[in-house]
S.K.: 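Please find one structure pasted underneath; my questions will follow.
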Amino acid sequence: MKPKKQFQAPKGTFDILPEDQKYWEKVRKVVKHVALGYGFERIDTPILEDAELFSLSEGETTDVVEKQMYTFRTKGGDVVALRPEGTPSIMRAYVERGMTNAPQPVKLYYLAPMFRYEQPQAGRYRQHHQAGLEVIGDQNPIYDAQIISMCIAVGVELGLKNLNVEINSLGCPKCRPAYRTQLARYFKARAPRLCKDCKRRLKYNPLRLLDCKEEQCQELKANAPNLIDSLCQECHDHFKAVLEYLDELAVPYALNPHLVRGFDYYTKTVFELFLEDEHAEGGSEKTHERSRLALGGGGRYDALGKILSGKDVPAAGAGIGMERLIGVMKKQGVKIPPLYRPEVFLAQLGAFARKKSLKLFEELRHSGIMVAESFGKDSIKAQLRSADRAGVKITLILGQKEAIDGVILMRDMETGAQESVELEKIVKVIKEKLKK
RNA sequence: GUGGGCGUAGCUCAAUUGGCAGAGCUCUCGGUUGUGGUCCGAGCGGUUGCGGGUUCAAGUCCCGUCGCUCACCCCA
């Protein structure tokens, strides 16, 4: 009978199959290890939030809010959205759950799926997963540096190479608006020489002009007023301190005065973690700009707390894309051992032996031995084949005769040698044998 | 949202000017008593992404659609 319809996973989503789970497990393990090492505790927030939480936090005119949110109305009439990123939810929880009364700063981490309605392509999905880190309730630049250091630590513990950090300061509500108008004035005077996209950017988000890759715009950018030069004293000192802390930690970084992050809530420090890609071997044409893959990024968002609580709540954080991390692990050939690695296979022959082997399986498992089986198969041949594929060192064979005599055959899968062992002693004998 | 490339078995891919939809791998079973890997044999597996159109005849040509992919935008 043919199915009514061939179902496929929704566009931009994917299944994480058993063979890939080891990578996910490894990433989760490393993030958890790093986070706990820095005193961060796990938090999980709902996948759904009031849609307004994101539009107020990130800014009405950002791409994410304008066109990438999965927003819908519930039966009860609430307008909710699948979260496009984690930070607003964390700040919402901080404010709502009274974490202002906990010892400050509150350090939180999470591993969670995020949703953005956009065109999928390499390393970009409609549902992706982020590892997030947030430090809330402290304005000290030392935390900006520590967050960056943690991102690097995750990459290093995963065995990744060619990781880089770029850093910049976006200033604060005191100094940024002045710079913004100054920048807009500069580019407006040169508008005819800007690329098509930049003419559009000039209207609603002049800061975005800074990371345009078009050559014609590059030249204009070179002489554009520099954001770092127009920072107020407080932002200047803060940025300087962050860099000093990074130097102290020996974290390699590059200043990028053109680095801009999309959301309105960012203040002062912003940074990106990326991978310098060396795939340009067969490159016939000059790919003038080096290809860089963004693995994550973050920064300080002192403006968010005010938006959500009315009070000043300084904070800093980062998000790392788990799919991209795993993509790089595979590309760089990071080896991860399989999660399931049975040591012993239990084969049975005949109805009586099969029944007996069921109990023995439980016994083996309880004693901590990883045991595999093919209880559904009848022939010894098929079972030994399974055992071979499972890669076990030892196969136990319980036949009709053995079951009656209270013994079992123990087969060494490498040598093929077999010996008969009393059923009562088998657990002990196996443990001895596996030690070698 | 815009533009290019591609959709044949679970995977990797064949199929001549339009002429019976195939192979390798995987999986299952077998190669005489209760013994794996190698070897040999057999089987399972497809309305050629889906829907129309042209034709005696469509995997092949045309249109639409969905999906994948790459680039742009933006990002993780």
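Just so we're clear, the structure is a prediction, and the values are computed from it rather than from any experiment. Convention: sequence-line order gives letters A, B, ...; per-chain numbering from 1.
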S.K.: Are the side chain of A:Ser149 and the backbone N or O of A:Ala145 linked by a donor-acceptor pair below 3.5 Å?
M.R.: no

S.K.: Is any side-chain nitrogen or oxygen of A:Lys377 closer than 4.0 Å to OP1 or OP2 of B:rU28?
M.R.: yes

S.K.: If the C1' atom of B:rC63 is compared with that of B:rA58, how far apart are they to the nearest Å?
M.R.: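 Here B:rC63 and B:rA58 have their C1' atoms 15 Å from each other.
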
S.K.: May I ask you to verify whether the side chain of A:Arg389 and the base of B:rG36 hold a donor-acceptor pair under 3.5 Å?
M.R.: no

S.K.: Please state the P separation for the pair B:rC27 and B:rU55 - nearest whole angstrom.
M.R.: 48 Å

S.K.: Give a yes or no on whether a donor-acceptor pair under 3.5 Å exists between the nucleobase atoms of B:rC75, that is its base, and the side chain of A:Arg116.
M.R.: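 Side chain to base: no pair below 3.5 Å.
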
S.K.: Partner of B:rA71 by Watson-Crick or G-U wobble geometry, both contacts under 3.5 Å, or none?
M.R.: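 Its partner is B:rU2.
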
S.K.: Say you pick atom P in B:rG4 and the same atom in B:rC62; how far apart are they, in whole Å?
M.R.: 15 Å

S.K.: Return yes when atom CD of A:Glu19 has more than 12 non-hydrogen atoms of other residues, nucleotides or ligands closer than 6.0 Å, and no otherwise.
M.R.: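 Yes.
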
S.K.: Partner lookup for B:rC11, please. Criteria are Watson-Crick or G-U wobble with both distances under 3.5 angstrom; report none if nothing qualifies.
M.R.: B:rG24

S.K.: State whether the number of non-hydrogen atoms from other residues, nucleotides or ligands found under 6.0 Å of A:Tyr186 atom OH is greater than 12.
M.R.: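 Counting other residues, nucleotides and ligands, OH of A:Tyr186 exceeds 12 neighbours.
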
S.K.: Taking the same atom, C1', in B:rG59 and in B:rG49, what whole-Å distance lies between them?
M.R.: 12 Å

S.K.: So, does A:Gln119 get its side chain near the phosphate of B:rC74, meaning an N or O under 4.0 Å from OP1 or OP2?
M.R.: no

S.K.: Distance check: side-chain N/O of A:Arg124 vs OP1/OP2 of B:rU69, anything under 4.0 Å?
M.R.: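 For B:rU69, OP1/OP2 do not have a side-chain N/O of A:Arg124 under 4.0 Å.
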
S.K.: Provide the Watson-Crick or G-U wobble partner of B:rG51, both distances under 3.5 Å; none if there is no partner.
M.R.: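 Here B:rG51 is engaged in a pair, and the nucleotide opposite it is B:rC63.
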
S.K.: For residues 416-430 of chain A, which residues have at least one heavy atom under 4.0 Å from RNA chain B?
M.R.: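 Residues of residues 416-430 of chain A under 4.0 Å from RNA chain B: A:Gly416, A:Gln418.
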
S.K.: With a 4.0 Å cut-off on N to O distance, would you call A:Asp44 and A:Arg42 a salt bridge?
M.R.: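 Yes.
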
